[in-house]
Number of protein chains: 2
Amino acid sequence: MITSQPTCDKVTLVTDDCDRTTPAFAPHDHRACEARALDEAAGRLAEQGGRMTPVRRRTLEILLESHRAMGAYEVLDRLAAEGFGHQPPVAYRALDFLVEHGLAHRLQRLNAFAACLHPGHDHAPAFLICRACDKLAELPAAPVRTALSNLAAETGFAVERVTIEALGLCPACAEAGA
Amino acid sequence: MITSQPTCDKVTLVTDDCDRTTPAFAPHDHRACEARALDEAAGRLAEQGGRMTPVRRRTLEILLESHRAMGAYEVLDRLAAEGFGHQPPVAYRALDFLVEHGLAHRLQRLNAFAACLHPGHDHAPAFLICRACDKLAELPAAPVRTALSNLAAETGFAVERVTIEALGLCPACAEAGA
DNA sequence: GTTGACTTGTTATCATGTAACATGAAATGG
DNA sequence: CCATTTCATGTTACATGATAACAAGTCAAC
């Protein structure tokens, strides 16, 4: 079954889902990917008591349109073009809200934001950032984090939050570059 | 043997060195710590063909004065006060040079820079950042990095550079806070 | 239907980072 | 020793990222 996938240029073949074992770099049904994330987001907010308002929903949708990280001002431009406020706090507030509720991530390395692709379970993933195409994948990082916490504990340091971000080449770009 | 340690407020007891197994949080002879880093830096530059100019040396010294990360503009103020240029590129160029040559690190999470305390061997350490006192320690992260690279390899992603930064409480601040 | 909490919008400002160009010092090579 | 080239330093100007403080609108709850 083949369908067109206007928002995700890497998609050529439709697979059945976009689950934890399918990284963002692999071809997948990005529409389903988006829909699922939005769906899980709604569920998560219901639990936590957060309100999914128009700006916030639209912000999440904008992030979800690609597997990329976007700068706050890039998001702001999109929001402004659609009739929302034109000032930085509009974007930052929506983005911060999404991050706080686990629906988006902040990429320290890029000073940018990306939609979380599997909200619904509390996680602090590692990120793989392709330096050629800017695409982004989340990786379960629990083992890496505990390894680090153990090392740190030897020095008496109590780890609270860990940032793990890898820069490199995704399969497609590695092939293209070689 | 007790001596005064004007630049490192945590130091009360002088130990013989500041080696790989002594994290920045532990009391140590910070003067020796500085001297050794400067020394190793010179050696490393000789190998690589980089030139240690006045601005660069001074920038490194400024970073070395504390086990903290400093913002580029904070460094710039210090440089400007000492007769160097007053414009941002002065600081950024010196800092970028130091980072490129492995003499300093950039802390993504803080948008700040810190001197590398053990240059001379190529390393991409993990960082422990105390959220209370802002002090900073480097941790050998080879095992953590390889764990991540292996995970990433399963997706076909080729990791090139990894950022690992942990935010938390150092022993002293944990005790003080509790 | 008014209170109170929250959301959205604004203005203004600050912090961080870079592009582009001019000048000056140091190594290279005749 | 001087000319050439390369690299370093300095500048102006600007781009990007982020937040404080305040005004006005929305919405649920009582």
Side-chain angles (χ1 to χ4, degrees), chain A residues 41-42 45-46 48-63 68-101 103-114 129 134 163 165 167, chain B residues 41-42 45-46 48-63 68-101 103-114 134 163 165:
Chain A
L45 278 192
Q48 296 181 293
R51 275 164 56 186
M52 182 56 101
T53 63
V55 216
R56 292 169 179 173
R57 156 165 278 113
R58 194 64 199 113
T59 301
L60 181 54
E61 287 170 356
I62 289 170
L63 290 181
R68 285 192 314 114
M70 298 180 72
Y73 280 64
E74 196 181 346
V75 171
L76 176 59
D77 286 346
R78 298 281 307 271
L79 290 174
E82 299 177 23
F84 296 98
H86 290 235
Q87 309 307 322
V90 171
Y92 279 103
R93 280 197 287 239
L95 290 167
D96 288 346
F97 173 89
L98 295 175
V99 170
E100 264 166 37
H101 290 79
L103 308 179
H105 299 287
R106 179 188 278 261
L107 282 288
Q108 304 291 345
R109 184 140 199 149
L110 306 176
N111 292 320
F113 301 82
I129 307 166
D134 274 337
T163 301
E165 298 176 3
L167 210 62
Chain B
L45 278 191
Q48 295 181 296
R51 276 164 54 187
M52 181 57 100
T53 63
V55 216
R56 290 170 181 171
R57 156 165 280 113
R58 194 64 198 114
T59 301
L60 181 54
E61 287 170 357
I62 288 169
L63 291 181
R68 286 193 311 114
M70 298 179 71
Y73 280 68
E74 196 181 345
V75 171
L76 177 58
D77 285 346
R78 298 282 308 270
L79 291 174
E82 300 178 22
F84 296 100
H86 290 234
Q87 309 306 324
V90 171
Y92 279 104
R93 280 196 289 236
L95 290 166
D96 288 346
F97 173 89
L98 294 175
V99 170
E100 264 167 36
H101 289 79
L103 308 179
H105 300 287
R106 185 187 205 111
L107 282 289
Q108 305 291 345
R109 184 134 200 156
L110 307 176
N111 291 323
F113 300 82
D134 272 338
T163 299
E165 297 176 2

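Between the side chain of A:Arg56 and the backbone N or O of A:Arg51, at least one donor-acceptor pair lies under 3.5 Å. Not a single donor-acceptor pair under 3.5 Å links the side chain of A:Glu165 to the backbone N or O of A:Leu107.
For A:Arg57, the CZ atom is loosely surrounded, since the number of other residues' heavy atoms within 6.0 Å does not exceed 12.
A:Leu79 has its CG atom 13 Å from the C1' atom of C:dG9, to the nearest Å. Distance CZ (B:Arg51) to P (C:dA26): 7 Å, rounded to an integer number of Å. Taking atom OH of A:Tyr92 as the reference point, atom C1' of C:dT8 lies 18 Å away to the nearest angstrom. Atom NE2 of B:His101 is separated from atom P of D:dC7 by 11 Å (rounded to the nearest Å). Straight-line distance from the CE atom of A:Met70 to the P atom of D:dA18: 14 Å, rounded to whole Å. Look at CZ on A:Arg57: it is 16 Å from C1' on C:dT7, rounded to the nearest Å. Summarising the geometry, the separation between CG on A:Asp77 and C1' on D:dT16 is reported as 11 Å, rounded to the nearest angstrom. Rounded to whole Å, atom P of D:dG17 lies 18 Å from atom CZ of B:Arg109.
Here the nucleotide nearest the side chain of A:Phe113, chosen from D:dA18, C:dT11, C:dA26, is D:dA18. Residue A:Val90 has its side chain nearest to C:dG9 when only C:dC6, C:dG9, C:dG17 are considered. Of the listed nucleotides (C:dT11, C:dG17, D:dT12), C:dG17 has the atom at the smallest distance from the side chain of B:Ala72. The side chain of A:Pro88 approaches D:dA18 more closely than any other nucleotide in the set D:dG10, C:dT16, D:dA18.
Between B:Arg106 and the choices B:Asp96, B:Asn111, B:Leu95, B:Thr163, the side chain to side chain contact (heavy atoms under 4.5 Å, CB included) rule is met once, by B:Asp96.
A sub-4.0 Å separation between OP1 or OP2 of D:dT16 and a side-chain N or O of A:Asn111 is absent. Side-chain nitrogen and oxygen atoms of B:Arg106 include at least one within less than 4.0 Å of the OP1 or OP2 phosphate oxygen of C:dG17. For C:dT8, the OP1/OP2 oxygens have a side-chain nitrogen or oxygen of A:Arg56 closer than 4.0 Å.
Side-chain contact between B:Met52 and B:Leu60: present, with at least one pair of heavy atoms (C-beta onward) separated by less than 4.5 Å.
Between A:Tyr73 and A:Arg93, the residue anchored closer to the 5' end of DNA chain C is A:Arg93, taking for each the nucleotide with the nearest heavy atom.
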